[in-house]
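Below is one structure, written out as structure tokens, with a few remarks after it.
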Amino acid sequence: MLDLRAVTDRLEETQRRLALRGDVPALGKLSELGGRRRAWIRESEDLRHEVKSSGPRVQALMKSDPPAAAALRERLKAASVRQKELEASLKELEIELAQALLYVPNLPHESVPAGTSSADNPVVRTWGERPAPGFQPKPHWELGEALGILDFERGAKLSGSRFTVLVGQGARLERALISFMLDVHTREHGYTEILPPYLVLRESMQGTGQLPKFEEDAFKTVDPELFLVPTAEVPVTNLHRDEILEAGALPLRYTAHTPCFRREAGAAGRDTRGLIRQHQFNKVELVEFAAPESSYQELEKLTGHAEDILRRLGLPYRVVSLCGGDLGFSAAKTYDLEVWMPGLDTFREISSCSNFEDFQARRARIRFRRGEGSKPEWVHTLNGSGLAVGRTLAALLEVGQQADGSVLIPEALRPYTGFERIGPR
RNA sequence: GGAGAGAUGGCCGAGAGGCUGAAGGCGCUGGUUUGCUAAACCAGUGUACGUCACAAGCGUACCGGGGGUUCGAAUCCCCCUCUCUCCGCCA
């Protein structure tokens, strides 16, 4: 959520920066409502001041001059009624205002490149050699089915499209990846492991920006209404909702594995095969709370921590910087990590690392204090996938495939899998 | 799911219609005193919004949340939420 004051005081600048995203939201209404809000607050407070400060006079007059007291009380009654009406209107206005503000996306950082789609995302760097196997590499779903470790048919039988069953070494590989990633982040990158609830309140979804605008993307329960987390970002960022963090607590780094549940409402017909786009998938997430002045430095570090996983697994990838048109609703700046998928002959997003600046902090009211007695300030929140586990498994199959159809497991993962190869020797 | 108890400032804890942002204590910060530390004493110590230079000052609100009564409510009435205890059930 943007700061109302900043929006109304610097309307043109806000509009111009938002335009980088492509669609320009109409902020005129916002500034008009903001102006009316100020006027009403002033009027209401003046009235209330009159009513409240007249108390002693009423008491005195009741003893000395009862008729005058009655007259005064009548006047005050009228003022009180008017004040309450004003307050009620003001409340409605503020709800309307807050609601409008919740639909305005974050301002892109000045370093965000111009552009309208993912085709415009500049490549920042690449890592690793693409394998040249000397045979036609297969997509991961063919490999997985042939090896008996991915069962798409039964997944669909159980739960419909975009659900998959992992079997035997496939299930073990998924579990190994989760443990491996969590171990690296906790032991070597300094993150604290969190195991959060997978169902959260509407309030939490709003805090990170999934709601109210993107409700059709979320799964939810009916009674009581709870949302299945679309990413661990939601519960972990909301860990500190409505809190003022202690001086010196920053940066706070958390990592969490959760399943992620997504409706994929707008993606009908896309990536229908394989593990790329599932309604349920595992992800290890990195979440960070940082001081404003260091958040961009921290974004580079966090992105590096996600990259480290890919490197250790020997998966070639590239880093792109999302252009204005491709930037997510809440993000001020985002790097996507794209892993090379030989079977698909393309790079696919496997991690998205973003700085949200104070956008989520405002929505979720997360603040920090620089020292004893200093005023609370909004923290900056960041997060990144470290990594999407299902897609990592898919990439591992495609990159590790051998001529005989077996798949080699990278060295770093073998202590976790307990095997070094899937399939015929 | 049933029965009961409770929700006040960073913490503990008063308060029972008016001048209470809220006694008292603890903690914290600054100062005085002081070989050092400690103790003692003095002062200060919430958040949000409005005005304004997002300063100072001033104003308004906030005693779990919402609504009501009243000239006026932390204090009276209604609804809700959460926490704790006991019973039931369960992994």
Side-chain angles (χ1 to χ4, degrees), chain A residues 1-11 13-14 30-101 107 195 197-204 206-207 221 223-226 238-249 291-293 357-359 361-380:
Chain A
M1 175 161 69
L2 301 181
D3 179 32
L4 175 63
R5 180 167 226 124
V7 172
T8 51
D9 288 357
R10 296 189 291 277
L11 191 61
E13 187 196 334
T14 306
L30 218 55
S31 85
E32 184 214 317
L33 293 181
R36 205 184 320 160
R37 169 175 171 274
R38 284 187 201 182
W40 285 1
I41 285 176
R42 196 168 186 173
E43 195 180 342
S44 163
E45 289 190 349
D46 286 350
L47 282 171
R48 181 146 43 198
H49 180 56
E50 187 194 345
V51 170
K52 283 209 78 165
S53 61
S54 302
R57 266 176 67 212
V58 173
Q59 280 190 99
L61 280 178
M62 290 211 285
K63 284 174 194 152
S64 63
D65 187 352
L72 178 57
R73 280 172 61 166
E74 215 162 299
R75 270 217 320 277
L76 290 176
K77 173 71 177 172
S80 175
V81 167
R82 242 184 312 146
Q83 191 274 328
K84 279 190 175 121
E85 284 167 1
L86 246 177
E87 200 175 66
S89 320
L90 188 61
K91 199 169 177 180
E92 269 177 50
L93 181 88
E94 292 203 309
I95 288 170
E96 196 182 341
L97 204 46
Q99 205 57 32
L101 219 42
L107 297 178
L195 202 154
Y198 303 154
L199 292 168
V200 296
L201 298 169
R202 173 172 288 275
E203 173 75 11
S204 298
Q206 188 173 291
T221 63
D223 185 21
E225 184 194 70
L226 289 169
N238 279 279
L239 229 39
H240 294 299
R241 192 176 73 224
D242 287 308
E243 289 185 19
I244 300 176
L245 301 171
E246 296 271 331
E293 64 275 15
E357 298 190 6
D358 61 10
F359 187 83
R362 273 212 175 76
R363 291 179 159 238
R365 296 166 302 278
I366 308 168
R367 293 171 293 176
F368 78 104
R369 238 188 267 276
R370 288 181 188 277
E372 287 283 343
S374 346
K375 281 207 162 181
E377 296 173 48
W378 302 114
V379 300
H380 280 194

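As a basis for the values below, the full set of heavy atoms in this structure was taken, side chains included, without hydrogen atoms, waters or symmetry mates. Residue numbers begin at 1 in each chain, while the letters A, B, ... track the order of the sequences.
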Taking any strand in view, what nucleotide pairs with [N] in a Watson-Crick or G-U wobble way, both distances under 3.5 Å?
N: C84(B); result: G4(B)
N: G30(B); result: C42(B)
N: A48(B); result: U60(B)
N: G24(B); result: C12(B)

A side-chain contact here means heavy atoms from C-beta on lying under 4.5 Å apart; do Arg82(A) and Glu43(A) qualify? no

Hey, is the side chain of [X] poking within less than 4.0 Å of OP1 or OP2 on [N], counting only N and O atoms?
X: Arg367(A); N: A48(B); answer: yes
X: Lys84(A); N: G72(B); answer: yes
X: Arg5(A); N: U51(B); answer: yes
X: His49(A); N: G59(B); answer: no

Checklist line | Donor-acceptor under 3.5 Å (Asn238(A) side chain, Ser204(A) main chain) | finding: yes

Nearest heavy-atom contact between Leu30(A) and Leu97(A) is O-CD1, 3.8 Å

Closest to the side chain of Met62(A), out of G18(B), U51(B), C49(B), is G18(B)

Closest of U51(B), C49(B), C71(B) to the Arg42(A) side chain is U51(B)

Notebook entry, point to check: When rounded to the nearest Å, what value does the distance between C1' atoms of A3(B) and U8(B) take?
Noted result: 27 Å

Inter-nucleotide P distance (G18(B), A73(B)), Å rounded = 11 Å

Notebook entry, point to check: Do Glu96(A) and Arg37(A) sit within salt-bridge range, that is, some charged N less than 4.0 Å from a carboxylate O?
Noted result: no

